[in-house]
Amino acid sequence: MKLSKLTTAIASVTLSLTLSTAVMAEIGEPEKEDLKFGFIKLTDMAPLAVAYEKQFFEDEGLYVTLEAQANWKVLLDRVIDGQLDGAHMLAGQPLGATIGYGTESHIITAFSMDLNGNAITVSNDIWDQMKPNIPMGDDGKLVHPIKADALKPVVDSYKDEGKPFNMGMVFPVSTHNYELRYWLAAGGINPGYYAPHKGDTSGQIDADALLSVTPPPQMPSTLEAGTIYGYCVGEPWNQQAVFKGIGVPVVTDYEIWKNNPEKVFGVSKAWADKYPNTHIRVVKAMIRAAKWLDENNNANRPEAVEILSQPNYVGADYDVIANSMTGTFEYEKGDKREVPDFNTFFRHNATYPYYSDAIWYLTQMRRWGQIAEAKPDSWYMDIAKKVYRPDIYEQAAKELIEEGKLAASDFPNFGTEDGFRAPQTHFIDNVVYDGKAPNDYLKKFAIGLKGDQQI
């Protein structure tokens with residue numbers, strides 16, 4: 001009898017401890033249930049659309065409104081002033097805002113929305129001038145990746161004639177700006193420098209090609225009008241140029257930097273501090289959406305394309321969006337190639353906010369003068385930790401594992417993860433990137449600021 005009572009007592013204490021631990025592990029109720037998130041009409045806003053349409057937000061007790069924004073600046077400003085609770089952002093936006101490049105405000109991200117997804121497109125006329133400079137393979141197709149070496153003679157001829165060679169990108173701290181600059185510089189074309197300390201934010205100092213901002217949906221029409229000769233943008237606005245017969249995508253960002261980080265979900269630090277449970281629940285819903293987008297070898301992509309083609313999301317034709325979202329990419333008309341990872345939302349730990357991703361963006365800001373003065377390696381690390389929040393991501397992931405919605409194998413090993421990818425080798429110029437040594441990385445480039453150099 002005594003043994004029975006002791007056994008019962010032990011069982012009772014064990015159950016109590018188990019329940020207590022479970023309660024401690026659970027995320028509290030959302031502090032704010034009604035939320036408004038902003039996005040730009042690009043296919044990589046897909047995790048937001050899917051989390052909404054599949055009711056993953058509602059599963060977390062969140063009632064979300066998704067609202068397209070006019071441009072990246074308006075979107076950022078509305079997150080800062082509280083009109084939006086959070087938004088689909090360029091990966092460089094939280095970093096640029098936090099260090100005070102442009103509008104200064106502490107923005108954080110605990111969720112990376114995707115890898116890859118961009119391309120560089122040129123007008124038909126420029127393509128005709130580039131094509132003779134591109135080698136042909138044994139299969140009768142042009143050899144890819146197409147490097148900017150093929151564009152350099154064209155840019156040089158414009159310079160010789162005293163004509164500006166204009167190109168478009170979507171925002172000064174956008175991936176597109178840095179990818180376009182990276183590609184051009186790797187081919188010996190100087191994309192120009194910024195000098196904010198001198199009041200020059202044009203980014204065109206000493207430039208061979210003049211880069212300026214054009215909102216993504218306006219890229220094809222601006223190209224068609226002849227205002228720009230090429231651009232770097234996300235989908236579906238490269239494939240739109242193919243469908244309209246006005247331009248040729250020449251290289252994807254997958255070929256410039258394989259599995260590069262692209263967009264993030266950004267919120268203000270003040271918002272995250274005020275609504276921590278809400279924030280974790282948002283991240284949980286978006287992780288589930290990203291997994292849905294990639295699972296079963298992209299089996300859900302056709303349904304995702306149907307969702308994105310709705311006018312309240314991207315609003316482009318189904319076939320245009322499907323051209324890249326379903327694992328292919330069309331370059332010159334009729335030259336459709338397999339690129340299964342062109343849009344990656346979950347594979348390769350796409351959703352994890354790596355410090356090394358943040359530091360790469362900061363190196364490019366320094367390379368092109370947006371960060372005017374030399375900074376020690378420790379500064380890059382400090383800013384990365386201030387903006388990128390894998391600790392919040394980990395809380396969301398562990399809750400999903402606990403609930404049985406995802407498996408531990410779906411995520412990095414949180415016990416050993418330090419926030420740095422292994423040194424990355426898949427760049428178009430074969431330069432290796434190690435996020436733990438940003439200044440050494442900058443020294444590897446012939447074009448770009450390094451060390452104590454200033455404009």
Geometric cation-pi criterion, Lys450 with Phe445: 6.0 Å, 45° = no
Compute whether any side-chain donor of one residue and acceptor of the other, for Thr109 and Tyr388, lie under 3.5 angstrom apart.
-> no
Are Ile107 and Val387 close enough that some pair of their side-chain heavy atoms sits under 4.5 Å apart?
-> no
Between Tyr433 and Tyr441, does the ring centre distance come in under 6.0 Å?
-> yes
Derivation of the side-chain contact (heavy atoms from CB on, under 4.5 Å) call for Glu224 and Lys244 | CA-CA 9 Å; Glu224 189 172 19; Lys244 293 180 72 174; 3.6 Å; yes
Tyr178 and Gln370: side chain to side chain donor-acceptor pair (under 3.5 Å), yes or no, with the steps?
-> CA-CA 11 Å; Tyr178 303 129; Gln370 291 172 330; 2.5 Å; yes
Lys147 NZ: over 12 foreign heavy atoms closer than 6.0 Å | no
Does a sphere of radius 6.0 Å around NZ in Lys73 hold more than 12 heavy atoms from other residues, nucleotides or ligands, not counting ones at 6.0 Å or beyond?
-> no
Between Lys443, Lys436, Lys444, which is the residue that forms a salt bridge (Lys or Arg N to Asp or Glu O under 4.0 Å) with Asp440?
-> Lys443
CG (Asp452) with more than 12 external heavy atoms under 6.0 Å = no
Side chain to side chain donor-acceptor pair (under 3.5 Å) between His426 and Asn259, intermediate numbers included | CA-CA 9 Å; His426 297 100; Asn259 292 333; over 6 Å; no
Step-by-step side-chain contact (heavy atoms from CB on, under 4.5 Å) determination, Val74 to Asp77 = CA-CA 5 Å; Val74 167; Asp77 288 345; 5.8 Å; no
With a cut-off of 6.0 Å (strictly less than), are more than 12 heavy atoms of other residues, nucleotides or ligands near CG of Asn297?
-> no
Just by distance, with hydrogens left out, do His176 and Asp253 show a side-chain donor and acceptor under 3.5 Å apart?
-> no
Which is it for Asn349 and Tyr354 under the side chain to side chain donor-acceptor pair (under 3.5 Å) test, yes or no, and what are the steps along the way?
-> CA-CA 9 Å; Asn349 295 327; Tyr354 283 97; 3.2 Å; yes
Hey, mind stepping through Gln93 and Leu75 against side-chain contact (heavy atoms from CB on, under 4.5 Å) and telling me if it holds?
-> CA-CA 10 Å; Gln93 279 189 294; Leu75 177 145; 4.2 Å; yes
Determine whether the side chains of Asn116 and Asn343 contain a donor N or O and an acceptor N or O closer than 3.5 Å.
-> no
Any side-chain donor paired with an acceptor under 3.5 Å for Asp125 and Ser123?
-> no
Mind checking side-chain contact (heavy atoms from CB on, under 4.5 Å) for Ala396 and listing every partner two or more places apart, or none if nothing turns up?
-> Ile280, Val283, Lys284, Ile287
Flag yes if more than 12 heavy atoms outside Lys141 fall under 6.0 Å of its NZ atom; otherwise flag no.
-> yes
Shortest non-hydrogen pair, Leu115 vs Ala350, comes out as CG-CB, 3.6 Å
Hey, are the side chains of Met130 and Ile126 touching, using non-hydrogen atoms and a 4.5 Å cut-off?
-> yes
Which side chain to side chain donor-acceptor pair (under 3.5 Å) pairs, counting each pair once, include a residue from residues 207-222, with sequence neighbours left out?
-> Lys159-Asp208
Would you tabulate the side-chain donor-acceptor contacts of residues 328-336 under 3.5 Å, counting partners in other chains and residues two or more places apart, or write 'none'?
| from | atom 1 | to | atom 2 | distance (Å) |
| --- | --- | --- | --- | --- |
| Thr328 | OG1 | Asn323 | O | 2.8 |
| Glu330 | OE1 | Asn323 | ND2 | 3.1 |
| Glu330 | OE2 | Gly334 | N | 2.7 |
| Tyr331 | OH | Glu255 | OE1 | 3.2 |
| Tyr331 | OH | Glu255 | OE2 | 3.2 |
| Glu332 | OE1 | Lys131 | NZ | 3.4 |
| Glu332 | OE2 | Trp127 | NE1 | 3.2 |
| Glu332 | OE2 | Lys131 | NZ | 2.6 |
| Asp335 | OD1 | Arg337 | NE | 2.9 |
| Asp335 | OD2 | Arg337 | NE | 3.3 |
| Asp335 | OD2 | Arg337 | NH2 | 3.0 |
| Lys336 | NZ | Asn323 | OD1 | 2.8 |

Can you run down the ring-ring contact (aromatic ring centres under 6.0 Å, His included) pairs that involve residues 244-271, sequence neighbours left out, and say none if there aren't any?
-> Phe37-Phe265, Trp257-Trp360, Trp257-Phe427, Trp271-Tyr275, Trp271-His279
Asn118 (side chain) donor-acceptor with Thr175 (main chain) under 3.5 angstrom = no
Any pair counted as ring-ring contact (aromatic ring centres under 6.0 Å, His included), so long as it reaches residues 210-232, sequence neighbours left out = Tyr158-Tyr229, Phe165-Tyr229
Can you give the donor-acceptor pairs under 3.5 Å from side chains of residues 377-386 to other protein atoms, not counting sequence neighbours?
| from | atom 1 | to | atom 2 | distance (Å) |
| --- | --- | --- | --- | --- |
| Asp377 | OD1 | Asn439 | N | 3.2 |
| Asp377 | OD1 | Asn439 | ND2 | 2.7 |

Start with the C-alpha distance between Gln69 and Arg78, add both sets of side-chain angles, then the distance that settles side chain to side chain donor-acceptor pair (under 3.5 Å), and finish with yes or no.
-> CA-CA 9 Å; Gln69 305 297 301; Arg78 295 190 76 203; 2.9 Å; yes
Ring centre gap for Trp72 and His88 strictly below 6.0 Å = yes
Donor-acceptor side-chain pairing of Asp418 and Tyr355 below 3.5 angstrom | no
Between Pro249 and Val242 the two heavy atoms that sit nearest each other are CD-CG2, 3.3 Å
Arg347 bridged to Glu295 by N-O distance under 4.0 Å = no
Could you walk me through whether Val213 and Val170 pass the side-chain contact (heavy atoms from CB on, under 4.5 Å) test, one step at a time?
-> CA-CA 5 Å; Val213 170; Val170 308; 5.8 Å; no
Arg421 NZ/CZ over Tyr352 ring centroid, <6.0 Å and within 45° of normal = no
Are there more than 12 heavy atoms of other residues, nucleotides or ligands under 6.0 Å from atom OH of Tyr313?
-> yes
